[in-house]
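Here's the structure, in structure tokens; my notes come after.
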Amino acid sequence: MNAQSLLPAPAPTPSVAPLIGADVAELTNWMQAQGQPAYRGKQLHQWIYQRGIRSLSEVSVFPKAWRDTVAEVNIGRSRIAFRAPSKDGTVKFLLEMVDGQIIEAVGIPSYRPGSQKLERLTVCVSSQVGCAMACDFCATGKGGFKRNLERHEIVDQILTVQADFQKRVSNVVFMGMGEPLLNTETVLESVRSMNQDIGIGQRSITISTVGIPGQIARLADRHLQATLAVSLHASNQQVREQLIPSAKRYPLESLLEECRDYVNITGRRVSFEYIVLTGVNDQTQHAHELAQLVRGFQCHVNLIPYNPISEVDYQRPNDRQLQIFMAALKAKNVAVSVRRSRGLDADAACGQLRANQLELQSEA
Ligand code: SAH
């Protein structure tokens, strides 16, 4: 027996044909490469995106003998490793990728006031496994960065939530794990698929970024019609650097300049996210500074009361503090609203996403 045979055998890499996220032309090519007629590409497209198949063996319009030969091919769907429903109807999913990595996706239903009728179904999607940005208040960053997600892994999150809720997804926010603009090309490919293959309006898709130099300009060049949300979180460079390490390499003025160009080129307003941390960035002086920063800017400020995570001891503002801060912004003519976080009890709210090992163990 040689030394090598004592090592554990490498895990076999399951065969994956990442058909999820592919358009009709790509699916047609793939079917033809399998010796199937071209028209089956369109059929496959329908079965993937309208019926949400998990395996080619489910496509009953395909010849049974052929289906049997491809039944084991992984078409790029993830496995639901854990499902955490919250009291408000929000459901957090831990999804296992083919290499064993775990990501999170959250389904957020909104009901018509006073009725049980589902008005919107929003999915909060991840763009990376983990995150490299290490923002001080965010749970995802505490676990570090593992890898970028691939196109099929992003689109799969929509199909998974859609199947679980038995409802069509109407809105998507890239506010799960990761920094979408460190995976820009793949994110844009997934946006194309969500829009053209699944049928979600581009304007109902929001990409949230902390700001990566040159990347917002890249979105502007593409005349992106999705909504751009920028995590500002501070009214001056000093506080921003305290909260967001990457801010040191990307001064606030440069970020805002890139946003201004984005508004001019796309004609779309930018949404600025502002996490509210008691005593850190929520004083009247901060409101005035913030109003000054965004003056004359076609934008909207979205306040996010801090959702507690265990590693840091920031304080969540109470309603009164929040109202005072909001009023100070309104008095300066800033368009502002508060994001009421959903899914807090399932750790599914903004900034609380992490692949929680304990949850996985409790399921086993
Ligand atoms: N990397 C992207 C997506 C992050 S998650 C970005 O930075 O925009 C979406 C939003 O949740 C971001 O604005 C993020 O800063 C915010 N967030 C992170 N941790 C939070 C927390 N503990 N409480 C409230 N919001 C948080």
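Both ligands and their constituent atoms are indexed starting at 1 by order of listing. Given the structure is predicted, the values throughout are model-derived calculations rather than measurements.
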Using the rule that Ile, Leu, Val, Met, Phe, Trp and Tyr join whenever any side-chain heavy atoms are under 4.5 Å apart, tell me whether Leu243 and Val312 fall into a single cluster.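 They do share one cluster, since a chain of ILVMFWY contacts under 4.5 Å joins Leu243 to Val312.
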Can you list the ligand 1 atoms lying under 4.0 Å from a non-hydrogen atom of [X]?
{"X": "Ser231", "result": "6 (C), 7 (O), 8 (O), 12 (C), 13 (O), 15 (O)"}
{"X": "Met175", "result": "5 (S), 9 (C)"}
{"X": "Val210", "result": "6 (C), 7 (O), 8 (O)"}

[atom1]/[X]: more than 12 non-hydrogen atoms of other groups inside 6.0 Å:
{"X": "Gln315", "atom1": "CD", "answer": "no"}
{"X": "Arg147", "atom1": "CZ", "answer": "yes"}
{"X": "Glu185", "atom1": "CD", "answer": "yes"}

Just to be sure I read this right, does ligand 1 sit under 4.0 Å from the backbone of [X], its side chain, both, or neither, counting only heavy atoms?
{"X": "Glu273", "result": "side chain"}
{"X": "Ile275", "result": "side chain"}
{"X": "Thr140", "result": "neither"}

Walk me through it: do Glu311 and Lys142 pass the test salt bridge (charged side-chain N to carboxylate O under 4.0 Å, His left out)? CA-CA 8 Å; Glu311 290 89 344; Lys142 303 290 174 201; over 6 Å; no
Heavy-atom proximity to atom 4 (C) of ligand 1, best of Gly176, Ser127, Cys138: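 Selected option, by shortest heavy-atom distance: Gly176.
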Dump the intermediate steps for side-chain hydrogen bond (donor to acceptor under 3.5 Å, both in side chains) on Glu273 and Ser208, then the final yes or no. CA-CA 9 Å; Glu273 293 160 286; Ser208 176; 2.7 Å; yes
Summary of salt bridge (charged side-chain N to carboxylate O under 4.0 Å, His left out) pairs that have at least one residue in residues 47-56, sequence neighbours excluded: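 Not a single pair qualifies under salt bridge (charged side-chain N to carboxylate O under 4.0 Å, His left out).
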N/O of Phe174 under 3.5 Å from N/O of ligand 1, yes or no?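 Looking only at distances, the answer is no, because the N/O contact criterion of under 3.5 Å is not met.
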Does Asn307, backbone or side chain, put an N or O under 3.5 Å from an N or O of ligand 1?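 Yes; the residue has a nitrogen or oxygen that sits under 3.5 Å from a nitrogen or oxygen of the ligand.
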Determine whether any heavy atom of His233 lies closer than 4.0 Å to an atom of ligand 1.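 Per 4.0 Å heavy-atom rule, His233 contacts ligand 1.
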Is it true that Gly178 lies under 4.0 Å from ligand 1, counting heavy atoms only?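 Yes, that is the case, since the closest heavy atom of the residue is under 4.0 Å from the ligand.
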Any side-chain donor near an acceptor of the partner, Glu241 and Gln237, under 3.5 Å: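 Side chains of Glu241 and Gln237: pair found under 3.5 Å.
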